[in-house]
Amino acid sequence: MDKDKQRQEISLIGRIFSMESLIFLMGCLSLIYGIAEAKPMNLFWGVIILCGFFVLRMVRKKDWKKHWEEMEAEQKAREDYARRKASGDPSAPPEG
């Protein structure tokens, strides 16, 4: 039981101090420092870091496997259409 508890504690510490949370914390601290000390450069970097944090979260939540499957299906459909059009197939839909 002691090893399980240690593993859970390490996992919790890992989640608390994950890179994502550190990025968010750094952005907040930079923003707060910039406001408190009236330093526009710290405000700028705080905003940039927080924007990057939210972009990172959106990218990590995206289902990339599904995205690449959709891209492959679209590419195949375009290749089929180009092949039908080149062969003069009347079933090819008109452009536009």
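Along the sequence shown, the residues carry numbers beginning at 1. Both backbone and side-chain heavy atoms feed into the values below; hydrogens, waters and symmetry mates do not.
- In this structure, Phe24 and Phe54 have perpendicular ring planes: the angle between them is above 60°, well past the 30° mark.
- Under the rule for a side chain to side chain donor-acceptor pair (under 3.5 Å), Glu72 has no partner lying at least two apart in sequence or in another chain.
- Going from atom CE of Met19 over to atom CE of Met26 covers 12.5 Å, rounded to the nearest 0.5 Å.
- Taking CD from Gln75 and CE from Met71, the interatomic distance works out to 8.0 Å, rounded to the nearest 0.5 Å.
- By the side-chain contact (heavy atoms from CB on, under 4.5 Å) test, Cys51 pairs with Val47, sequence neighbours left out.
- If you chain together ILVMFWY residues whose side-chain heavy atoms come under 4.5 Å of each other, Met41 ends up grouped with Phe44, Trp45, Ile48.
- With rounding to the nearest 0.5 Å, the separation of CG in Leu43 from CD1 in Ile32 is 11.0 Å.
- Looking at every heavy atom in both residues, Gly34 comes nearest to Asn42 through CA-CB, 3.6 Å.
- In plain terms, the two heavy atoms of Ile23 and Leu56 that are nearest each other are CD1-CD2, 4.2 Å.
- Taking every heavy atom of both residues into account, Ser30 and Gly46 meet most closely at OG-N, 3.5 Å.
- In terms of the side-chain contact (heavy atoms from CB on, under 4.5 Å) criterion, residue partners of Val55 (sequence neighbours excluded) are, by chain and number, Val59.
- Under the side-chain contact (heavy atoms from CB on, under 4.5 Å) criterion, Lys66 pairs with Asp63, Glu70, sequence neighbours left out.
- Atom CG of residue Leu22 and atom CG of residue Leu29 lie 10.5 Å apart, to the nearest 0.5 angstrom.
- The stretch residues 19-45 participates, sequence neighbours left out, in these salt bridge (Lys or Arg N to Asp or Glu O under 4.0 Å) pairs: Glu20-Arg57, Glu20-Arg60.
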